[in-house]
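All remarks here apply to the structure that follows.
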Amino acid sequence: MKYSQLMTQTLREVPSDAEAISHRWALRAGLIRPLAAGIFSFLPLGLRVKQKIENILREEMAQANSHEISMPVVQPAEIWQETGRWNEIGNEMMRMKDRGDRDMCLAMTHEEAVTDLARHLIQSYRQLPLSVYQIQTKFRDEPRSRAGLIRVREFTMKDGYSFHVDQESLDEYYPKMYEAYERAFKRTGLGGSTIAVESDTGMMGGTEAHEFMYLNDGGEDTLLICEKCDYRANRQVATYTRETIGAEDAKPIEEVATPNCKTIEEVAAFLNVPATQTAKAVFFVGLTGGEEKFIFAVVRGDHELNETKLGNAVNAQELRPATDDEIRAAGAEPGYASPIGVQNATIIIDNAIAQGTNFVSGANKEGYHNLNVNTGRDFEADIITDLVAVAEGMPCPNCATNLGSTRGIEVGNIFKLGTNYSKGMNATVLDENGKAQLMIMGSYGIGVGRLLACIIEEHHDDNGIIWPISVAPFQVEIVVLTGKKPAGELEAAEKLYEALQAAGIDVLLDERDERPGVKFNDADLIGIPIRLTVGARGLANGQIEMKLRHESDRSDVALDGAIARVQDEVAKLINGLK
RNA sequence: CGGAGCGUGGCGCAGCUCGGUAGCGCACUAUCUUGGGGUGAUAGGGGUCGCUGGUUCAAAUCCAGUCGCUCCGACCA
């Protein structure tokens with residue numbers, strides 16, 4: 001392609017509100033343009049990168065014996081009603097009516113659509129296992145898009161789905177997809193800095209899930225990582241080794257005045273007890289099946305509550321903090337709350353509270369706490385489970401080593417869905433006994449645009465992007481320098497350009513009438529891995545100059561041998577990504 | 001949804017406090033100049049100052065409302 005044909009513009013300045021590195025470079029290099037909040041156009045350079053990424057994903061899906069299909073973006077409400085998600089999912093789903101007043105939506109994922117296909121097309125266990133994928137637009141009306149392509153509303157996702165007759169078959173297939181993902185991230189240049197962690201199954205439901213996280217300080221997820229063993233988990237699901245507590249005998253409950261002691265720190269200091277001996281109450285209103293329910297959660301004073309665990313435990317689609325009025329309506333006093341005597345609430349407590357004894361807890365009375373509060377004797381819990389948000393330094397659940405923490409951006413995930421969708425949509429096959437069985441499903445996603453953004457985060461310097469060759473919009477850029485008295489530079493460059501194309505190399509020819517500095521700066525900015533400079537100076541000696549974007553040295557190359565030399569460098573760069 | 005900020009030519013910004021001819025840099029067009037790391041000069045084109053309403057002789061500027069965008073938080077496969 002010739003530079004003059006690119007619909008793009010490199011920018012010297014970016015909107016001051018573009019903060020994320022990948023956002024700034026993507027705008028400055030002319031890869032994308034915003035149209036609305038979280039909605040972008042891809043310009044030629046950006047689209048070429050996106051397509052390169054997609055093709056790598058296609059190749060790796062083929063390795064995992066998954067086959068490409070394409071499903072609609074606009075979907076009828078019916079299939080979403082079958083699985084119940086029409087009501088479960090809130091405003092994140094974009095809904096509309098067609099001319100016949102039928103409820104429709106923009107697909108935010110495709111479990112329903114693919115399950116519908118499967119139930120019509122798969123009748124027998126003999127057809128299983130089967131795996132399909134698509135690379136398709138999704139729309140999620142995010143409450144807050146941000147950071148350029150990292151968090152958007154309209155995006156492209158590679159989403160795959162597998163169908164199995166039994167759990168063993170899924171268990172066998174899942175690691176193959178896991179490996180395909182590892183290969184894909186390696187090939188796109190994120191290999192060294194992307195890890196898989198155990199993750200929440202969230203709105204997808206299911207039994208086991210992993211997220212592939214690109215490690216980045218600006219990431220939205222907190223990850224807990226054990227340096228000793230291989231434990232790695234998203235904070236949403238991370239667990240830890242609980243210390244064994246020598247439970248004392250229950251002592252009689254006793255009310256004490258604790259004026260102006262609303263926080264755990266204040267209470268612990270005032271009563272001179274460790275925070276581990278206090279109980280902290282946290283209040284939420286959970287939405288389950290369209291019904292609001294007051295939730296009274298209790299964790300130990302030194303612990304933080306994990307809302308994901310709480311939401312899963314009470315089976316809530318949405319959680320919001322309760323207001324002071326709602327807390328009082330349930331019979332508790334904000335700042336001095338106790339589960340004792342609370343009405344119309346789901347009381348859910350962490351294991352540490354259930355196992356320990358003689359906690360300090362509020363007295364549901366302004367300025368008073370109770371000593372020696374005990375589960376079972378003084379109040380009954382509706383649910384006892386793990387509610388702790390694991391923090392850095394807590395002991396690893398496998399080996400008790402102190403956990404480290406880091407931030408990451410989710411670029412992909414894999415889920416064992418089980419029968420979550422086949423059940424609601426009655427997707428069955430006959431097994432070898434002629435008996436109908438719900439299909440067991442897995443789902444596998446990768447956000448293509450987000451992956452592109454992460455690649456920029458990983459590969460750039462002060463002058464611009466440094467594309468890994470596998471996803472670079474072009475493998476080679478030829479910069480022609482024509483002086484006032486052209487001496488055949490342009491002709492030589494065009495000849496080289498055509499020869500490289502004939503050799504199967506992706507080439508960009510910058511033939512614009514611009515000064516050298518402009519062309520060099522643009523070349524650095526858009527980040528093509530191999531730059532060839534054709535100028536009168538070298539041409540007189542039958543030479544051109546070659547420079548790799550990630551290196552600072554330049555070298556002269558004989559024009560005759562240039563093609564072979566470029567092919568050599570391309571091969572080397574690709575090998576570097578394996 | 002809570003907090004903060006911003007909407008003035010394609011981009012970056014000034015002007016607003018104290019109402020009175022809409023400005024600067026980049027980009028764009030033309031001519032000249034320069035020609036291996038964002039040359040220099042001259043002359044141009046391009047803006048309902050987000051929108052609506054109000055105050056006023058007069059509104060980019062003051063007031064109210066509204067829409068949009070960004071950042072922090074909540075939220076989120």
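Just the heavy atoms: all of them, side chains too, but no hydrogens, waters or symmetry mates, feed the values below.
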Please report the distance separating the [atom1] of [N] from the corresponding atom of [M], rounded so that it comes out in whole Å.
| N | M | atom1 | result |
| --- | --- | --- | --- |
| B:C63 | B:U17 | P | 9 Å |
| B:G65 | B:C13 | C1' | 28 Å |
| B:A60 | B:G50 | P | 10 Å |
| B:A4 | B:A43 | P | 48 Å |

Spell out yes or no: do the side chain of A:R512 and the base of B:G35 have one donor N/O and one acceptor N/O closer than 3.5 Å?
no
Heavy-atom donor-acceptor pair, A:E514 side-chain to B:G38 base, under 3.5 Å:
no
Sequence neighbours excluded - side-chain hydrogen bond (donor to acceptor under 3.5 Å, both in side chains) pairs with any residue from residues 516-530 of chain A
A:T10-A:D522, A:R512-A:D522
So if I take every side-chain heavy atom of A:R12 and compare against B:U39, B:G38, B:G37, which nucleotide ends up nearest?
B:G38
From the set B:U34, B:C69, B:G36, return the single nucleotide nearest to any side-chain atom of A:R515.
B:U34
Side chains of A:E511 and A:S4 only: does a donor on one sit below 3.5 Å from an acceptor on the other?
yes
Are A:S131 and A:S162 linked by a side-chain donor-acceptor pair shorter than 3.5 Å?
no
What's A:S145 touching, base or sugar-phosphate or nothing? Going by heavy atoms closer than 4.0 Å.
sugar-phosphate
Select base, sugar-phosphate, or nothing to describe what A:G535 touches, counting heavy atoms under 4.0 Å on all strands.
base
Between [X] ([atom1]) and [N] ([atom2]), how many Å, whole number?
| X | N | atom1 | atom2 | answer |
| --- | --- | --- | --- | --- |
| A:L532 | B:G36 | CG | P | 19 Å |
| A:R146 | B:C71 | CZ | P | 8 Å |
| A:L539 | B:G36 | CG | C1' | 14 Å |
| A:N306 | B:C75 | CG | P | 11 Å |
| A:L481 | B:G38 | CG | P | 13 Å |
| A:R28 | B:A27 | CZ | P | 13 Å |
| A:E489 | B:G35 | CD | P | 14 Å |
| A:N521 | B:A27 | CG | C1' | 16 Å |

Measure the CH2-CD1 distance between A:W25 and A:I32 for me, rounded to the nearest 0.5 Å.
14.0 Å
Excluding sequence neighbours, so at least two apart, what forms ring-ring contact (aromatic ring centres under 6.0 Å, His included) with A:F520?
none
Who are the ring-ring contact (aromatic ring centres under 6.0 Å, His included) partners of A:H23, not counting sequence neighbours?
none
Pair assignment for B:C1, Watson-Crick or G-U wobble, requiring both distances under 3.5 Å:
B:G73
First encountered from the 5' end of RNA chain B, between A:A147 and A:L525
A:L525
Relative to the 5' end of RNA chain B, which residue comes earlier, A:V518 or A:F155, by the nucleotide with the nearest heavy atom?
A:V518
Got a list of protein N/O to nucleotides 2-12 of chain B N/O distances below 3.5 Å?
from  : atom 1 : to    : atom 2 : distance (Å)
B:G12 : O2'    : A:E13 : OE2    : 3.3

Residues in salt bridge (Lys or Arg N to Asp or Glu O under 4.0 Å) with A:R146, at least two apart?
A:E220
Please list, chain by chain and in numerical order, all residues satisfying side-chain contact (heavy atoms from CB on, under 4.5 Å) with A:L500, sequence neighbours excluded.
A:V476, A:I478, A:L496, A:I505, A:V507, A:L532, A:I563, A:V566
